[in-house]
Engineer: 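Sharing a structure, written as structure tokens. Questions coming.
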Amino acid sequence: MLFAVKMDVDLPADLDPEVKADTIAREKAYSQKLQRSGKWPHIWRCVGQYSNLSVFDVESNDELHDILWGLPLFPYMSIEVTPLAVHPSDINA
Ligand SMILES: O=C(O)CC1=CCC(=O)O1
């Protein structure tokens, strides 16, 4: 199952710099592990925003939910999930 996920990050201005750096480092490691596994095949920066647009390839809604809840930056994110279906005009479908 494919999902497009937009993640908007909003870190508090007064967040301790060490906590901020550690959380971002853990987020990167978590994301890259999932990218290598094939569960997170695309991640793109949204130009001009502290946001990304990602594609997840997972077995179920519950699996995606667990992945998103596990994001170290999850407490500082707004997340919008869009389930994807094959487009009838897709020449690769
Ligand atoms: O910077 C972001 O967009 C948040 C994020 C998600 C995965 C990652 O490494 O950073």
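Whatever order the structure lists ligands and atoms in, that order sets their numbers, starting from 1.
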Engineer: Is the contact between W40 and ligand 1 made by the side chain, the backbone, both, or neither, using heavy atoms and a 4.0 Å cut-off?
Structural biologist: side chain
Engineer: Under the criterion side-chain contact (heavy atoms from CB on, under 4.5 Å), I'd like the reasoning laid out for M1 against E63: C-alpha separation, chi angles, the key distance, then a yes or no.
Structural biologist: CA-CA 10 Å; M1 300 169 75; E63 184 181 11; over 6 Å; no
Engineer: Specify the protein heavy atom at minimum distance from atom 5 (C) of ligand 1: its residue, its atom name, and the distance to 0.1 Å.
Structural biologist: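 Ranking protein heavy atoms by distance from atom 5 (C) of ligand 1, first comes E27 OE2, 3.6 Å.
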Engineer: How about E27 and S31: does a side-chain donor come under 3.5 Å of a side-chain acceptor?
Structural biologist: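 Absent: no donor and acceptor within the cut-off.
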Engineer: As an exercise, identify every atom of ligand 1 less than 4.0 angstrom from a heavy atom of K28.
Structural biologist: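 Per the distance check, 9 (O).
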Engineer: To check your reading of the model: name the closest protein heavy atom to atom 2 (C) of ligand 1, its residue, and the distance in Å.
Structural biologist: R45 NH1, 3.4 Å
Engineer: So which heavy atom in the protein is nearest atom 4 (C) of ligand 1, and how far is it from that ligand atom?
Structural biologist: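 Ranked first by proximity to atom 4 (C) of ligand 1 is N52 ND2, 3.6 Å.
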Engineer: I'd like to check L15 versus T23 (side-chain heavy atoms, cut-off strictly below 4.5 Å). Are they in contact?
Structural biologist: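 Not in contact.
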Engineer: Can you tell me which portion of Y50 lies within the under-4.0 Å heavy-atom range of ligand 1? Options are side chain, backbone, both, or neither.
Structural biologist: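 It is the side chain that gets close, since no backbone atom is under 4.0 Å.
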Engineer: Which residue is it: M7, K6, H42? I am looking for the one with a side chain to side chain contact (heavy atoms under 4.5 Å, CB included) to L53.
Structural biologist: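 With L53 as partner, M7, K6, H42 yield a single side chain to side chain contact (heavy atoms under 4.5 Å, CB included), made by K6.
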Engineer: Would you tell me whether S54 and N52 have side-chain atoms, one donor and one acceptor, within less than 3.5 Å of each other?
Structural biologist: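 Checked: S54/N52 side chains pair up, N/O donor to acceptor below 3.5 Å.
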Engineer: Can you tell me which portion of I43 lies within the under-4.0 Å heavy-atom range of ligand 1? Options are side chain, backbone, both, or neither.
Structural biologist: side chain
Engineer: Can Q32 be said to touch ligand 1, with heavy atoms closer than 4.0 Å?
Structural biologist: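 No.
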Engineer: Do M77 and L68 touch side chain to side chain, with heavy atoms closer than 4.5 Å?
Structural biologist: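 A side-chain contact under 4.5 Å is absent here.
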